[in-house]
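Worksheet: one structure, shown below.
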2 protein chains.
Amino acid sequence: MARRTTKAPPSPSNDLDARKATILQAVVVEHIDTAQPVGSSAVAASADLQVSPATVRSEMVALEREGYLAQPHTSAGRVPTDKGYRFFVDHLKAGVLGAAQQQQVREFFAGVRGEVEDVLEQTSTLLSELTSYTSVVVGPSHAHTTILSVQLVNLDPRHHLLVAVFSDGSVVKHSVTPTFEATHVEVTEASRQLNALLIGTTLESRVQVPSRHDHVAALVRESVSVLHAEQPTLDGEQVFIGGSSKVAQVFDGVETVRRVLSILEQELLVVSLVQDILDQGLSVAIGSEHGFEPLSACAVIVAPVTVDGLPAGAVGLLGPTRMKYREALAAAEVVSAHLTRHFGGEDDRG
Amino acid sequence: MARRTTKAPPSPSNDLDARKATILQAVVVEHIDTAQPVGSSAVAASADLQVSPATVRSEMVALEREGYLAQPHTSAGRVPTDKGYRFFVDHLKAGVLGAAQQQQVREFFAGVRGEVEDVLEQTSTLLSELTSYTSVVVGPSHAHTTILSVQLVNLDPRHHLLVAVFSDGSVVKHSVTPTFEATHVEVTEASRQLNALLIGTTLESRVQVPSRHDHVAALVRESVSVLHAEQPTLDGEQVFIGGSSKVAQVFDGVETVRRVLSILEQELLVVSLVQDILDQGLSVAIGSEHGFEPLSACAVIVAPVTVDGLPAGAVGLLGPTRMKYREALAAAEVVSAHLTRHFGGEDDRG
DNA sequence: GTTGGCACTCGGTAGAATTGACTGCTAACA
DNA sequence: TGTTAGCAGTCAATTCTACCGAGTGCCAAC
């Protein structure tokens, strides 16, 4: 993909000449592998460019000046910066999953059964086992799906349960607690009217609620408003986080671990993070790129899941900036593709 | 309470003479506070018994011989064993929550709204914030509640959704995927029959399913079996874990943190752990007492939640064996009492 | 532009010495 | 008999030192 010519880069700072690129990549690879600063001689030995460590050194000072590398202290090797990782990832040729792992994914999707939620949850476990990073699976929002059925159920005279079923198979429930006591007959009638009113609509549709002052109309009004109230918040998004214990293995420093875990606890935050990255059109967000200070030590990989060509959730991986991008990207892509297929045609052979 | 007489203790090993008890308690308190082994002079200074360190020492060798204390190495102080903590906890006088925290709990329960799940989830966050330990809130199983409504909804000709509403306000859904294509009319009719069949029953009830060979009967049979299949597994239990990030603060050693987190990921395991402890009639399980090897560094506090006098879930706290038992026990009890009240009478003033 | 050589920097480590917080023991004492 | 002071012994933790070595920057030569 990337050119190997030596002529001066057309775009000023975004591209490096071939040798610098090779050196940078060697540093990244080595550092991902060893977690140690990488010295000039290690690079000279590993990369296939036939130059001496001294030459590598002078290239490295340039790379450092341009912001791709950094030095922990004077007498240490170099470590990639976020920008360095970014270059590396942008010039990464697509990796493929190991045969055993591919097999594992195939078997998983061949055997998986059950409700959407269960599939997503198990997928997040799968993804985290494949990569040994923490995984995030975001399910489709049901904002654009239509309502198939609504029902108001009497729990006690002042407490009713509104249960709505959507065309994507999701179910939501809400309490409806009017200020008056409703009879069984009234609740049943309200339920009937809600069905007539809402079936086929989406949560975004405006519907004509009855304005009468009787109990039934009041029940209908409250039900509709409680149901539509769900829309503005991100609530109702389904998030499944798998392998949060990996955080303890993969990051060092108690404080970092604690911080990352405490972010993962706030699922809404995680959803919006993944959404942000997708909206930026990225598949990897490194360090500060996602503008999320507490996760500045992390890289996040995302891959969208689509149903009928429309976005319907995503899978993600969260690791340290020195994560194994090749493998992790491959895993995320393979799993998201399988998920897409799984939800696209109910029948999945693959 | 305990005698000061010098005659041999009536119950052989379960009780200690007053001075030993005081010394043991001083060691536990100190060690919980400092996380360090406690020496004889520290005990002599802190406890109000007017004896010299030498005397304390000779008592300590006895306590060690009897298994209440242990010595990390020869020239170190003493550390409580699980048995030592057990004695401490058994002789703990009930603590009360700090005023600020009591206020926080009151405000929380005064303001909390929404579905049961939401309340439980927020409660788990509350509990973990109160104590800075990881909290577990187990919701009621709906095994004993009755079915209020069942509905079969057509997603597509071969894929239907069974939605059941229970008297405790919980909703479950299951896919029903017959091998034949069912018409809309057939699904509606099956839904009607299911209602007639199941309303008022529990998941444990035996019901008479139709044995005819038509589509409707097949739908009914499959729906009933799929619904009842839920029973044997613990699945459907609701668990909410709050403050898992505390694990990183409270335990030391990456490996311990990882192990605990990975247990917490398996929610079924957590439920059965809490259930076990409750079944043993304990409110605290220390170290190996719960017989759960990976959590041998942990203590677990549980407090049952009841509705109408029947067990309906529990709240729990998970911390290191050297946790602040007084405060944690108080918090768990206060919160479980509030929860009980919250679910008991819908109206909670307190 | 590339290279070998060289002086310099500085974190990490290994070993020795020291400290100090403990203990267990013993002999004297009330 | 229980309690105490005194004392020798143990051992983890700390501090210090020296030193090693990986790695750099610079420079002169090619």
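Order of the sequence lines sets the chain letters (A, B, ...), proteins ahead of strands, with each chain counted from 1. Just so you know, these numbers use all the heavy atoms, side chains as well, and skip hydrogens, waters and symmetry mates.
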When we call it a touch if two heavy atoms are under 4.0 Å apart, what does B/S58 touch: a base, just sugar-phosphate, or nothing?
nothing
Rounding to an integer number of Å, can you tell me how far A/I23 CD1 sits from C/dT2 C1'?
12 Å
Can you tell me which residue pairs pass the salt bridge (charged side-chain N to carboxylate O under 4.0 Å, His left out) test with a partner in residues 286-301 of chain B, sequence neighbours excluded?
B/R86-B/E289
Could you tell me whether a side-chain N or O of A/Q71 sits under 3.5 Å from a main-chain N or O of A/A76, the two making a donor and an acceptor?
yes
Please list, pair by pair, any protein nitrogen or oxygen found under 3.5 Å from a nitrogen or oxygen in nucleotides 25-27 of chain D.
from	atom 1	to	atom 2	distance (Å)
D/dG25	OP1	A/R78	NH2	3.2
D/dG25	N7	A/R57	NE	3.3
D/dG25	O6	A/R57	NH2	3.2

Please pick, from D/dA5, C/dT2, D/dT3, the nucleotide with the shortest atom-to-atom distance to any side-chain atom of A/T55.
C/dT2
Starting at atom CD of A/Q36, determine the distance to atom P of D/dT24, rounded to an integer number of angstrom.
14 Å
Donor-acceptor pairs under 3.5 Å, side chain of residues 315-330 of chain B to any protein atom, not counting sequence neighbours: which ones?
from	atom 1	to	atom 2	distance (Å)
B/R322	NE	B/H31	O	3.4
B/R322	NH2	B/I32	O	2.9
B/Y325	OH	B/T321	O	2.4

Contact state string [nucleotides 14-20 of chain C, B base, S sugar-phosphate only, - no protein heavy atom under 4.0 Å]
-------
Contacts of A/S46 meeting side-chain contact (heavy atoms from CB on, under 4.5 Å) (sequence neighbours excluded), chain-then-number -> A/A26
Would you say A/K246's side chain and A/S135's backbone share a donor-acceptor pair under 3.5 angstrom?
no
Name all residues meeting the salt bridge (Lys or Arg N to Asp or Glu O under 4.0 Å) criterion together with B/E255; count only those two or more places apart in sequence or in a different chain, and write none if there are none.
B/R258
Tell me the interatomic distance from B/L69, atom CG, to C/dC22, atom P, rounded to whole angstroms.
14 Å
Which part of the nucleic acid, if any, lies within reach of B/E59 when heavy atoms closer than 4.0 Å are counted: base, sugar-phosphate only, or nothing?
nothing
